[in-house]
Amino acid sequence: MTLSIQNLKNAALHLETVFASALDAMVVTDAQGVIAVFNHAAEQMFGYSSDEVIGLNTSILMPMPDSLHHHLYMERYIETGQARVPRKGREVIAKHRNGETFYVDIAISDVHVEDGVIFTAVIRDISARKAKEEKIMRLAFFDQETGLPNTYYLIDKLEYFFKQASDDNFLILIYIGDLTNYINIFGCQGIKDVVIALAHRLKIQLPKQSLIARCDSRHLKVIYAPDKGEQVCAEQLAKQIQACLNQPLEIAGNRIFLNAYFGICQIIPQIHTVKSLLDHTDIALHIAKQHIAQNYEIFQEKFESTLHRRALLVQKLYHVMENLPFELYLQPQISLKTEQIIGVEALIRWQDVDGMWISPAEFIPIAETIGLIKDITLWTLKKASTILKDWQIAGQQHYRIAINISAQVICADTFVEEISCFLAETQINPRILELEITETALMLSLDTAVKNVAQLSALGISISIDDFGTGLSSLAYLKCFKVDRLKIDQSFITNALMNKEDQAMLAGIIEFSHGLGYQVICEGVEQKEQVLLLKQLGCDEIQGYYFAKPMLHTEFLQFAENFRF
Ligand code: C2E
Ligand code: CA
Ligand code: CA
């Protein structure tokens, strides 16, 4: 169809009106990018009047480096016909007259005329939509308090690492533990400062590709991604993270020491899913929190069955707490001076409904963490009191009975009062009651433990430090406590016969304990030679399979009657 001159004029007039009234900015340029038309909406959008820009290159509407490269794009298009922008809508950054940049959607059409090409760009300001999108991104993928990426961001990144199919990377879950002193001063909000400071430190020390995300107020997740060509093993990495966590953080002029724990799992895309990987670091952290000597754990497959067993025992324990189907066994303690039985250690036993015995070494630590240990201890004390009454009746009230007391119990504010009530109710002579407390338990909450031990001692009860020598505490802590007896752990006697150094250590502990006025009992004694050695070294008392395994009360009475050293 051919148009008459009049029709062409009319069409041009019509186009001019369309351009002028269009809501979108419209810019027409020649093949070199020189602006020929700049409509009203473009004036509003870019801050230039059309008179100012007509004849200038469109690059003035672009920020660096696009403005520099623009002529290259145009030249390539003219030479090859290959276009990055024409005909396709695209998001780009534009520049306002005042220098500010903003997001625009731009669609360019090219019209071939006799002496070249004319480009018409239709431009829409999308900065409001972009800001909204960014806000949604920030809300969805970043922690609002600290600005760190959150779990969703981390999961996204993990999926990326999975696609890389490399098993050089690790996932680390860090738990920021006790910050009581800091929180006391700065409130819970203060945790934010600690997280930011720690994330900052980690960022400096980890390779560039690594990612640090905040998952909840006290947990950080780290993807450790080594630089190309570098490899690190889990153990080395753990030491690196441990060193990082051990240094104090400087926050607002305060030095903060973290009591942090972490779990590590190597990312093996062939065997992991994102979920299993997250679960594995959770499990490793859970195990790490139970350690005393180190604050981390590297995931091992066997942990899963351990946790499964634990979950089963938690369920069983809650279930049995109504009728407490426990038994209290007694293991004799023998004096090496008098060669007589002088007491017993009370050791709890639990027989499951299927007849299987569940070791206290397994269920007591669980009861401690789920808050059932106090009830169990009260049960033990009650049971011990009935045994003591039987002894009274049988005229054997001179035996001492030692009860194991967990950290949570000795550090509870109400414990001393409960023991006083127990003594008053049962009329038990406190001198025959001994409480065995491990040194680690005492160290957990030193101030309360010192106070409670002093008050218990004042009631006439004796205190024994259990598993002595296995904790990490310094000997200086002993000065804080009124202690009667040190119970040397089995590990010291096991090797003492074969190993001169172990023997020297054992001799040293006995001598030093006596020097401080403590009695010494050695546990886990299994052989005659060990008995003789301990006697020679001046140990006061012994306990172990050599004389007897823990036994029922009735069996103990028989054992005591027939006992010969
Ligand atoms: P523990 O207090 O160090 O108790 C000593 C453990 O060593 C007992 O294990 C005992 O049976 C065992 N044992 C005694 N003599 C020998 C020996 O000659 N050789 C060997 N290899 N082992 C010996 P048990 O009864 O399984 O208790 C394990 C742990 O459970 C105890 O360690 C204690 O920490 C805890 N426990 C036991 N009963 C109670 C309780 O009533 N309350 C609390 N809180 N903890 C308890
Ligand atoms: Ca004990
Ligand atoms: Ca012990």
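For ligands, and for the atoms within them, numbers begin at 1 and follow the listed sequence. These numbers were taken from a predicted model, which means no experiment stands behind them. Hydrogens, waters and symmetry mates are skipped; everything else that's a heavy atom, side chains included, is used.
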[atom]: nearest protein contact (heavy atom, Å):
atom: atom 42 (N) of ligand 1; value: Asn404 O, 3.5 Å
atom: atom 21 (N) of ligand 1; value: Glu526 OE2, 3.2 Å
atom: atom 11 (O) of ligand 1; value: Pro550 CG, 3.4 Å
atom: atom 10 (C) of ligand 1; value: Leu347 CD1, 3.8 Å
atom: atom 18 (O) of ligand 1; value: Tyr545 N, 2.8 Å
atom: atom 44 (N) of ligand 1; value: Ser406 OG, 3.1 Å
atom: atom 24 (P) of ligand 1; value: Pro360 CG, 3.7 Å

Check whether any side-chain heavy atom of Ile172 sits under 4.5 Å from a side-chain heavy atom of Ile223, and report yes or no. no
The single option from Phe547, Tyr329, Trp391 that satisfies ring-ring contact (aromatic ring centres under 6.0 Å, His included) with Phe556 is Trp391
Return yes when at least one protein heavy atom is under 4.0 Å from [atom], and no when none is.
atom: atom 6 (C) of ligand 1; value: no
atom: atom 13 (N) of ligand 1; value: yes
atom: atom 32 (O) of ligand 1; value: no

Within a distance under 4.0 Å of any heavy atom of [X], pick out the atoms of ligand 1 and give their elements.
X: Thr380; value: 41 (O)
X: Ile364; value: 43 (C), 44 (N), 45 (N), 46 (C)
X: Gly544; value: 15 (N), 18 (O)
X: Asp467; value: 3 (O)
X: Gln331; value: 14 (C), 15 (N)

- Query: Is the number of heavy atoms from other residues, nucleotides or ligands under 6.0 Å of Lys535 NZ greater than 12?
  - Reply: yes
Atom CD of Gln270 with >12 non-hydrogen neighbours under 6.0 angstrom: yes
Can you confirm whether the side chains of Thr448 and Ser445 place a donor and an acceptor under 3.5 Å from each other? yes
If you measure every N or O of [X] against every N or O of ligand 1, does any of those distances drop under 3.5 Å?
X: Ile348; result: yes
X: Gln543; result: no
X: Glu345; result: yes
X: Asp466; result: yes

> For the side chain of Ser335 and the backbone of Thr338, is there at least one donor-acceptor N/O pair under 3.5 Å apart?
Replying inline: yes
So salt bridge (Lys or Arg N to Asp or Glu O under 4.0 Å) across residues 254-268, not counting sequence neighbours, yields Glu250-Arg255
Protein-derived N, O or S atoms sitting under 3.0 Å away from the Ca ion (ligand 2) total 4
Original post:
Does the distance from a Lys or Arg side-chain N to an Asp or Glu carboxylate O, for Lys289 and Glu297, drop under 4.0 Å?
Top reply: no
- Item | Heavy atom of Arg349, distance to ligand 1 below 4.0 Å | yes
I'd like to know if Gln490 contacts ligand 1, where contact means a heavy-atom distance under 4.0 Å to any ligand atom. yes
Kindly determine whether Trp357 and Phe363 satisfy ring pair (Phe, Tyr, Trp, His ring centres under 6.0 Å), including the steps that lead there.
CA-CA 11 Å; Trp357 290 94; Phe363 77 83; over 10 Å; no
So CG of Leu171 and CG of Leu277: to nearest 0.5 Å the spacing works out to 4.5 Å
